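Notes follow once the structure below has been shown.
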Amino acid sequence: MPDIENLEQLMEQHTERLFRIAYYYTKDLQIAEDIVQDVFIKFYHHQKHYEERGEIKAYLARMTINRSKDYKELGISKDSIAT
């Protein structure tokens, strides 16, 4: 089972930065918030696959950029961001 306390700590440390990244790509406050939430949910469920080859900060940033680009390039609707 993933460590919820560790996730909460990561969220406290990185949410603001990830939000800025998502907003940069989407130009939409709500979508940026949804993307950041989605990134943390995906990380929580798949963190056992995370290999500590680099900083977690860079890993989360890359997840956020990829999800933001998916939204922008594929025209993902607001309703489907968190799925």
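The figures here come from the full heavy-atom set of this structure, side chains too, leaving out hydrogens, waters and symmetry mates. Predicted, not measured: the structure shown is a model, and the values here were computed from it.
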Derivation of the side-chain contact (heavy atoms from CB on, under 4.5 Å) call for F40 and L18 = CA-CA 10 Å; F40 282 117; L18 299 180; 3.6 Å; yes

Take T64 and F19 through the test side-chain contact (heavy atoms from CB on, under 4.5 Å) and record every step on the way to the result.
-> CA-CA 8 Å; T64 304; F19 174 79; over 6 Å; no

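The structure places CG of D38 at 5.0 Å from NZ of K42, a figure rounded to the nearest 0.5 Å. Distance check: I21 CD1 to R67 CZ gives 15.5 Å after rounding to the nearest 0.5 Å. With rounding to the nearest 0.5 angstrom, the CG atom of N66 is 11.0 Å from the CD1 atom of I35. Between I65 atom CD1 and L60 atom CG the span is 11.0 Å, to the nearest 0.5 Å.
Contacts of E8 classified as side-chain contact (heavy atoms from CB on, under 4.5 Å), with partners at least two apart in sequence or in another chain: I4. Legend: residues meeting side-chain contact (heavy atoms from CB on, under 4.5 Å) with N6, ordered by chain and number and at least two apart, are D3, Q9, L10, Q47.
Of all heavy-atom pairs between S68 and A22, the closest is OG-CA, 3.3 Å. Smallest separation of non-hydrogen atoms from I31 and D28: N-OD1, 3.0 Å.
For residues 11-26, every residue pair satisfying the side-chain hydrogen bond (donor to acceptor under 3.5 Å, both in side chains) rule, not counting sequence neighbours, is listed here: E16-R20.
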